[in-house]
Each structure stands twice: as structure tokens, then as C-alpha cells.
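One structure is given here, and the rest of the page talks about it.
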Amino acid sequence: RNMGVEGVGDMKIKHIDYARKLCIIADWLDNISDKFRIINLDNMKNTEEIKIIQKIYMSGIEEIKICKLILQDIVPPVIVSNEHQKMITGIQSFIDGLEKVYNSLDTIHYKVDNINIDMYNEGKKLREEGIDLAVKSAEEIVRKLTE
């Protein structure tokens, strides 16, 4: 699901700087979340695949944490401060979900049979809810700033 932020042209000058920053972060998050959309249990048939996927998760989690820190440093226009905060909350859920999936993998022996399926599914659900909240919040921000 694309987080592309359109409608910047209709915005008040004082909001454009914030909106541009948001666009950059939204594109960045989009690229990161795309990496995880293609990963599922079918990609984890053997030790080597689990090792690769574990590395993808580790780097993705770090990248999204940086993304969240940047968002926390941006001061949003007052009219969208609630939505800005919701977006950060969504990103935190995304991180929590990724960490849960990462922790469901057997990171010691990399055995497929040792994957905690319940934890994996919980993490995947949390991740998807988080990205959904972040996207909806970003869309709401754009709507408010362009009305």
C-alpha cells in the first residue's frame, strides 16, 4: 500500500516544509515495508534461508528505528500534531511486530522446526496494523493540511 503523499501544491507555505519531510519519510518507509511483504514462511525452508531473512529483519528494524527518531524530531504543524503522534505510534507497532517475528525465528540453530509460529503470526499482524495506522495517519495529515 503506497504512502505517497500527494497534494503538496495546494498547501499553505508554512506547511510545505513539513509535508516535504513527510514525503521523504513516507517513501523511505514504503521501501522498507516492501521488503517484508515478500517474506513469509515459504521463504524459510532451510537454515541458509532463515539466516538471510534474519539479517533482513535486523537491518530493517534498525532502519525503521532511525526513521522513527527522525519523525520524533520533526515538529508538526499544530493542526496535525495528533496525527503525527499516531503515525509514530504506528511505526512503533511496525517495529514491535518486526521484532516479534525476528524473535520467533530460531536464531541459534536456524532450524525451521523451531520457528514459533504463533509468535510469528502475532508479529506479522502487529507489523501490518502498525503500517496501516502510519499510512492512515499520513493520509489524514495531508487531508488536513490541504483543506
Side-chain angles (χ1 to χ4, degrees), residues 1-46 48-107 110 115-147:
R1 177 150 172 221
N2 198 305
M3 273 214 227
V5 180
E6 279 89 38
V8 175
D10 310 321
M11 218 168 274
K12 295 178 185 71
I13 297 296
K14 62 180 179 176
H15 298 326
I16 287 177
D17 186 46
Y18 169 76
R20 284 198 178 124
K21 289 175 187 165
L22 207 63
C23 284
I24 293 166
I25 292 167
D27 286 346
W28 185 13
L29 271 173
D30 240 10
N31 290 333
I32 301 168
S33 59
D34 276 348
K35 286 179 195 169
F36 297 105
R37 274 191 202 106
I38 57 170
I39 296 176
N40 53 47
L41 291 171
D42 296 337
N43 305 117
M44 299 186 228
K45 296 286 189 229
N46 58 50
E48 285 311 305
E49 288 174 0
I50 291 176
K51 280 183 182 176
I52 291 166
I53 283 164
Q54 184 201 354
K55 285 188 175 74
I56 292 170
Y57 267 87
M58 279 174 76
S59 67
I61 289 165
E62 289 315 303
E63 214 177 328
I64 296 167
K65 282 181 177 174
I66 293 166
C67 206
K68 183 184 156 214
L69 287 174
I70 291 169
L71 258 185
Q72 285 173 320
D73 283 344
I74 295 172
V75 179
V78 177
I79 57 165
V80 293
S81 59
N82 284 347
E83 290 77 7
H84 185 88
Q85 203 46 56
K86 274 187 194 159
M87 196 160 74
I88 292 168
T89 302
I91 291 167
Q92 185 57 56
S93 292
F94 187 33
I95 293 166
D96 294 344
L98 291 176
E99 286 179 336
K100 199 164 228 179
V101 169
Y102 175 82
N103 290 329
S104 75
L105 305 177
D106 173 4
T107 54
Y110 305 100
I115 295 172
N116 182 332
I117 301 296
D118 288 341
M119 190 192 274
Y120 174 88
N121 288 328
E122 280 169 31
K124 208 170 169 189
K125 185 171 180 273
L126 198 57
R127 181 190 91 200
E128 284 159 10
E129 287 169 356
I131 209 68
D132 268 357
L133 179 61
V135 170
K136 283 190 178 88
S137 305
E139 287 166 353
E140 187 60 16
I141 287 169
V142 172
R143 192 188 65 72
K144 279 191 166 181
L145 293 182
T146 51
E147 64 185 13

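Every heavy atom of this structure was used, including side-chain atoms; hydrogens, water molecules and symmetry mates were not. Position 1 is the first residue of the sequence; numbering continues from there.
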> How long is the gap from CG on N121 to OG on S104, to the nearest 0.5 Å?
Replying inline: 8.5 Å
> Do the non-hydrogen side-chain atoms of S93 and L133 ever get within less than 4.5 Å of each other?
Replying inline: no
> Can D96 and K100 be counted as an ion pair, charged N to O under 4.0 angstrom?
Replying inline: no
>> If you define the side chain from C-beta out and look only at heavy atoms, does anything of M87 sit under 4.5 Å from L22?
In response: yes
> Taking atom CG of L98 and atom OG of S33, what is their separation to the nearest 0.5 Å?
Replying inline: 9.5 Å
> How long is the span from the OH atom in Y57 to the CG atom in L105, to the nearest 0.5 Å?
Replying inline: 7.5 Å
> So, does H15 use its side chain to make a donor-acceptor pair with the main chain of T146 at under 3.5 Å?
Replying inline: no
> So how far is it from D17 CG to R20 CZ, rounded to the nearest 0.5 Å?
Replying inline: 7.5 Å
>> List the residues meeting ring pair (Phe, Tyr, Trp, His ring centres under 6.0 Å) with Y120, not counting sequence neighbours, and say none if there are none.
In response: none
> How many angstroms lie between CD1 in I91 and CD1 in I70, if you round to the nearest 0.5 Å?
Replying inline: 10.0 Å
> Between R143 and E140, does at least one N-O distance fall below 4.0 Å, as a salt bridge requires?
Replying inline: yes
> Residues two or more places apart in sequence or in another chain: which of them pass side-chain contact (heavy atoms from CB on, under 4.5 Å) with K65?
Replying inline: I61, E62, I95, E99
>> Testing E128, K68, R127 one by one against F94 for a side chain to side chain contact (heavy atoms under 4.5 Å, CB included), which residue passes?
In response: R127
>> So H84 and I88, do their side chains get closer than 4.5 Å, heavy atoms only?
In response: yes
